[in-house]
There are 2 protein chains.
Amino acid sequence: MHQPDEELVSILHKKGLKVTPQRLAIFRYLANNESHPSAEKVYSDIKGELPTISQGTVYKTLSTLADIGVITELKINNGQSRYDSNTSVHVNVICPRCNNITDYQSETIIKFWKKLSKEIGGKISGQRFDVYKECSTCEK
Amino acid sequence: MHQPDEELVSILHKKGLKVTPQRLAIFRYLANNESHPSAEKVYSDIKGELPTISQGTVYKTLSTLADIGVITELKINNGQSRYDSNTSVHVNVICPRCNNITDYQSETIIKFWKKLSKEIGGKISGQRFDVYKECSTCEK
DNA sequence: TGCTAATTGAGAATCATTATTATTTAATAC
DNA sequence: GTATTAAATAATAATGATTCTCAATTAGCA
Ligand SMILES: [Mn+2]
Ligand SMILES: [Mn+2]
Ligand SMILES: [Zn+2]
Ligand SMILES: [Zn+2]
């Protein structure tokens, strides 16, 4: 694990964006959170650190972080967005019952992506691979 | 190309659901439409055939068709849902600028899915593979 | 040809997200 | 350090895609 701050600060500088406590805190929160939280979850959790932050700022910040490419926004089937700081090529395993999301990574995926992106060609700007499977809690 | 009606009617019977003109028309429309239309697009296009249909019925019908597995709902990044009658394993190539969606299918994808679903194991209920790439119209 | 539960149509309600705007603040220059 | 200023934030209102409600209609069946 590395200090996420340095990377974020460098990218913000490069893009001419300000380094704010809100941006640092939300990015740090996501970088240490595997659960692909919703904006609402980020808001309620981040209030411990930044008690006066507003929902609007959370949405705006998440959108900014997605724009600069350090997180990914995933619209899921319950109508909400979930936020993922894992920017490597991977599979999101989504429980169709409770919308729990976990990452699955393997060599198979890496190889597939190399082959597929070459096959499709052109300027590909991203990808999203989801697999729907009941989580261990829900299958009981 | 085969008659989509027969398949749908048989599944509706199996599930104890009624065969209605609205369900037939919307399913037929999607089966003959590669463009992954939104609910709004389905609504405005289907009014030619069913002038008195309501938006609510379109939403409800699309949801029913997705429930019984004959179409797939894709929430995309503009906040809308798009509907796909291609239920085979494939990649949706989505233009991040105009949200145009086209299907990409290849042996690479089929083989990957066989391998990946075995790797992940358990009762997988579906999958979704998206690739973001500017469409030919937008890259000009 | 009726019966009945499912479906539809019309319109209201919901709710996640976005927009607005006054206030605050990070970054730069002095 | 202090002033300047454009960007960011907080509070709140607005939006809009989707869902809900319920009375009217209809598909499926006896
Ligand atoms: Mn993920
Ligand atoms: Mn498709
Ligand atoms: Zn679950
Ligand atoms: Zn395009």
Side-chain angles (χ1 to χ4, degrees), chain A residues 5 8-27 29 36-68 70-83 99, chain B residues 5 8-27 29 36-68 70-83 99:
Chain A
D5 286 9
L8 179 61
V9 168
S10 138
I11 297 177
L12 288 173
H13 281 160
K14 211 173 305 176
K15 304 262 182 181
L17 297 169
K18 292 184 177 173
V19 177
T20 66
Q22 292 84 351
R23 287 173 177 166
L24 286 173
I26 290 175
F27 180 63
Y29 172 79
H36 304 71
S38 64
E40 188 55 41
K41 183 72 164 41
V42 173
Y43 175 57
S44 67
D45 283 358
I46 214 78
K47 275 199 287 193
E49 189 176 346
L50 300 169
T52 64
I53 198 170
S54 68
Q55 281 199 76
T57 299
V58 172
Y59 277 104
K60 192 92 181 315
T61 301
L62 290 167
S63 163
T64 301
L65 295 177
D67 282 347
I68 66 178
V70 297
I71 67 172
T72 303
E73 178 178 354
L74 301 170
K75 300 247 180 208
I76 65 165
N77 289 337
N78 71 353
Q80 286 191 158
S81 279
R82 302 282 288 267
Y83 298 89
N99 295 307
Chain B
D5 286 7
L8 178 61
V9 168
S10 137
I11 296 177
L12 288 173
H13 281 159
K14 211 174 302 174
K15 303 263 182 181
L17 296 170
K18 291 185 178 173
V19 178
T20 66
Q22 292 84 352
R23 287 172 177 167
L24 287 173
I26 290 175
F27 180 64
Y29 172 78
H36 304 71
S38 65
E40 188 55 40
K41 183 71 162 45
V42 174
Y43 175 57
S44 67
D45 283 358
I46 214 77
K47 275 199 287 193
E49 190 176 345
L50 299 169
T52 65
I53 199 171
S54 68
Q55 281 198 78
T57 298
V58 171
Y59 276 104
K60 192 90 179 316
T61 300
L62 289 167
S63 163
T64 301
L65 294 176
D67 283 347
I68 66 178
V70 297
I71 66 171
T72 304
E73 179 178 354
L74 303 170
K75 300 248 181 207
I76 64 164
N77 289 337
N78 70 354
Q80 287 191 155
S81 280
R82 302 281 288 265
Y83 298 88
N99 294 307

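Heavy-atom basis, side chains included; hydrogens, waters and symmetry copies ignored. Naming: A, B, ... by sequence-line order, numbering from 1 per chain.
Taking the side chain of B:Lys18 as heavy atoms from C-beta on, and the options D:dA8, D:dT9, D:dT26, the nearest nucleotide is D:dT26. Ranking D:dT18, D:dG28, D:dA10 by closeness to the B:His13 side chain, first place goes to D:dG28.
A:Ser54 has no side-chain polar atom (N or O) that falls below the 4.0 Å cut-off from OP1 or OP2 of D:dT9. Residue A:Gln22 places at least one side-chain N or O under 4.0 Å from the OP1 or OP2 atom of D:dA10.
In this structure, A:Leu12 atom CG and D:dA7 atom C1' are separated by 12 Å, rounded to whole Å. Between the CD atom of B:Glu73 and the C1' atom of D:dT19 there is a distance of 12 Å, given to the nearest Å. For the pair B:Leu24 CG and D:dA27 C1', the computed distance is 12 Å after rounding to whole Å. Separating the CZ atom of B:Arg82 from the P atom of D:dA17 is a distance of 13 Å, rounded to the nearest angstrom. Remark: C1' of D:dT12 and OH of A:Tyr59 are 15 Å apart, rounded to the nearest angstrom. Rounded to an integer number of Å, the gap from B:Gln55 CD to D:dT21 P is 18 Å.
Each of B:Lys75 and A:Ile53 lies near DNA chain D, and the nucleotide nearest A:Ile53 is the one positioned closer to the 5' end. Each of B:Thr52 and A:Thr20 was assigned the nucleotide of DNA chain C with the nearest heavy atom; the assignment lying further toward the 5' end belongs to B:Thr52. In this structure, B:Tyr83 and A:Val58 both approach DNA chain D, and ranking their closest nucleotides by distance from the 5' end singles out A:Val58.
Looking at heavy-atom distances under 4.0 Å, A:Ser63 makes no contact with the nucleic acid at all. Looking at heavy-atom distances under 4.0 Å, A:Thr57 makes contact with a base. Across all strands shown, B:Ser38 has no heavy atoms under 4.0 Å from either base or sugar-phosphate atoms. At the heavy-atom level, A:Pro51 lies nowhere under 4.0 Å from the strands shown. Using a 4.0 Å heavy-atom criterion, one finds that B:Glu40 contacts no nucleic acid atom at all.
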Practice task
Might you work through the salt bridge (charged side-chain N to carboxylate O under 4.0 Å, His left out) test for B:Lys75 and B:Glu73, ending with a clear yes or no?
Solution key: CA-CA 7 Å; B:Lys75 300 248 181 207; B:Glu73 179 178 354; 3.7 Å; yes
Practice task
Decide yes or no on side-chain contact (heavy atoms from CB on, under 4.5 Å) for B:Ser38 and B:Lys41, but give the supporting numbers first.
Solution key: CA-CA 5 Å; B:Ser38 65; B:Lys41 183 71 162 45; 3.5 Å; yes
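A:Lys18 and A:Arg23 make their closest contact through O-NH1, 2.8 Å (heavy atoms, listed as atom of the first residue, atom of the second, distance). For the residue pair A:Val58 and A:Ile53, the shortest heavy atom distance occurs at CG2-CD1, 4.0 Å. Across all their heavy atoms, B:Pro21 and B:Leu50 have their closest contact at O-CD1, 4.0 Å. Among all heavy-atom pairs drawn from A:Ala39 and A:Tyr59, the shortest one is CB-CE2, 3.5 Å.
Relative to the six-membered ring of A:Tyr43, A:Lys47 meets both conditions, a distance below 6.0 Å and an angle of at most 45° to the axis.
The backbone N or O of B:Thr57 lies less than 3.5 Å from a partner atom in the side chain of B:Thr61, making a donor-acceptor pair.
Contact check for A:Tyr29 versus A:Val42: side-chain heavy atoms found under the 4.5 Å cut-off. Looking at heavy atoms from C-beta onward, A:Leu8 lies in side-chain contact with A:Leu65 at the 4.5 angstrom threshold.
Comparing the start and finish of the helix from C:dT1-D:dA30 to C:dC30-D:dG1, five pairs each, the helix axis swings through 40°, to the nearest 10 degrees.
Boundaries of the chain A contact region on DNA chain C are C:dA16 to C:dA27, first to last in 5' to 3' order (nucleotide atom under 4.0 Å from a heavy atom).
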